[in-house]
Amino acid sequence: MIQDNLRRIQRSIPIDVVMVAVSKFQPSEAIIEAYDIGQRVFGESRPQELLSKYNQLPKDIEWHMIGHLQTNKVKLIAPFIALVESVDSLRLAEAINAEAHRLERVIDVLLEVHVAQEETKSGFDAAELERLLKDGVLGSMRNMRVRGVMGMASLTTDKTLIREEFTTLRSIFDHIKAQYLPHVDVLSMGMSADYHTAIECGSTMIRIGSSIFADR
Ligand SMILES: *Cc1c(COP(=O)(O)O)cnc(C)c1O
């Protein structure tokens, strides 16, 4: 079932869009099923769970952290994480940079931007992010490299609103690339319910959980 789901989604998206298989709460056996047909990029939302799966599973898996990350948990995942998609504060960015420095590595990150209506969702708001980029702090950390932007649309069936929010994320990404960080290349947006819309709005990376791992 997992393998059929993966193949079906893969066939429905452009080849240059990266699909992150969101495996939070899934057992290692489910991840291996996806791995066995070539899936290598997986996303997790809890540092402890991520660490234990990293320890159990093949070492060529590319792990993405997609959930809110507390600064005191950075050290659990810093040695092996491929991309932290959920950098939502300057304090977290500084903690990642410091730990990466200690490990003598560079950690790739995405800046999470809050565009949805729910106040509960995390992320920088656009004005705050603009200020930090203007100050140059986020772009000048030597052991943390900003690769782009991540965001989530509101949990709603209102397609127009979802499209507006993805379009906002796209313009924030374009603005950062044009004004501040010309090397950025990742716009991570789109989940099971809305990835087709996200891709139409310029997404380069989608994060899919339930459409892969839930029985359909
Ligand atoms: C859980 C999660 C996803 C995947 O959501 P699905 O609706 O199951 O595809 C994507 N992104 C983030 C940040 C998540 O927490």
Side-chain angles (χ1 to χ4, degrees), residues 1-13 17-28 30-31 33-34 39-51 53 61-70 73-74 77 81-89 92 96 108-125 129 147-159 161-163 165-166 168-170 172-173 186-216:
M1 188 59 82
I2 289 171
Q3 297 188 340
D4 291 344
N5 290 344
L6 259 176
R7 288 197 190 92
R8 181 177 42 77
I9 299 164
Q10 204 78 68
R11 274 198 306 268
S12 77
I13 63 174
V17 171
V18 175
M19 177 168 59
V20 180
V22 175
S23 52
K24 61 185 181 200
F25 316 130
Q26 297 298 325
S28 293
I31 296 176
E33 266 196 62
Q39 180 70 30
R40 289 295 179 273
V41 187
F42 291 88
E44 289 280 338
S45 59
R46 295 174 180 208
Q48 194 67 60
E49 185 177 342
L50 183 45
L51 174 61
K53 285 174 175 170
I61 288 179
E62 183 185 305
W63 292 104
H64 291 195
M65 176 67 194
I66 62 167
H68 178 68
L69 180 58
Q70 290 175 275
K73 299 288 166 61
V74 168
I77 61 169
I81 200 74
L83 184 65
V84 179
E85 297 202 22
S86 46
V87 170
D88 57 2
S89 71
L92 176 58
I96 291 170
D108 281 351
V109 307
L110 303 181
L111 303 172
E112 182 174 357
V113 185
H114 183 271
V115 296
Q117 301 211 306
E118 299 94 351
E119 276 309 319
T120 49
K121 286 189 173 148
S122 51
F124 291 103
D125 62 56
L129 189 60
R147 291 286 304 274
V149 167
M150 185 271 259
M152 269 179 272
S154 297
L155 204 62
T156 172
T157 52
D158 181 351
K159 283 257 152 73
L161 179 62
I162 291 173
R163 190 173 291 276
E165 291 172 348
F166 284 147
T168 300
L169 286 170
R170 167 67 188 272
I172 291 168
F173 171 83
V186 180
L187 177 55
S188 175
M189 58 185 194
M191 318 189 347
S192 293
D194 55 21
Y195 68 90
H196 288 298
T197 308
I199 290 169
E200 285 167 19
C201 296
S203 173
T204 70
M205 182 176 281
I206 58 175
R207 309 176 309 273
I208 309 294
S210 48
S211 291
I212 298 172
F213 293 106
D215 291 343
R216 291 166 55 91

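Every value quoted in this text rests on a predicted model; they were computed, and no experiment measured them. Start at 1 and go down the list; that is how both ligands and their atoms are numbered.
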Out of all atoms in ligand 1, which are within 4.0 Å of some heavy atom of [X]? Include the element for each.
| X | result |
| --- | --- |
| Arg207 | 4 (C), 9 (O), 10 (C), 11 (N), 12 (C), 13 (C) |
| Met152 | 13 (C) |
| Ile208 | 9 (O) |
| Lys24 | 1 (C), 2 (C), 3 (C), 14 (C), 15 (O) |

| message | What I want to know is whether Ser210 and ligand 1 share at least one N or O pair that is separated by under 3.5 angstrom. | response | yes
| said: Considering both backbone and side-chain atoms of Gly209, is one of its nitrogen or oxygen atoms within less than 3.5 Å of a nitrogen or oxygen in ligand 1? | reply: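 It does: an N or O of Gly209 is found under 3.5 Å from an N or O of ligand 1.
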Non-hydrogen side-chain atoms of [X] and [Y] separated by less than 4.5 Å:
| X | Y | answer |
| --- | --- | --- |
| Leu69 | Ile77 | yes |
| Met150 | Met205 | no |
| Tyr195 | Met19 | no |

| Which is it for His114 and Glu112 under the side chain to side chain donor-acceptor pair (under 3.5 Å) test, yes or no, and what are the steps along the way? | CA-CA 7 Å; His114 183 271; Glu112 182 174 357; over 6 Å; no
How close does the nearest protein non-hydrogen atom get to [atom], and which residue and atom is it?
| atom | value |
| --- | --- |
| atom 6 (P) of ligand 1 | Ser192 OG, 3.5 Å |
| atom 5 (O) of ligand 1 | Met191 CE, 3.6 Å |
| atom 12 (C) of ligand 1 | Ile66 CD1, 3.5 Å |

| field | CG/Leu155: more than 12 non-hydrogen atoms of other groups inside 6.0 Å | value |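 Check fails, neighbour count at 12 or below.
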| request: For Gln39 and Val41, indicate whether the former's side chain and the latter's backbone hold a donor-acceptor pair under 3.5 Å. | output: yes
| message | Hydrogens and angles aside, do Gln70 and His68 bring a side-chain donor and acceptor to less than 3.5 Å of each other? | response |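 No, no side-chain donor-acceptor pair sits under 3.5 Å.
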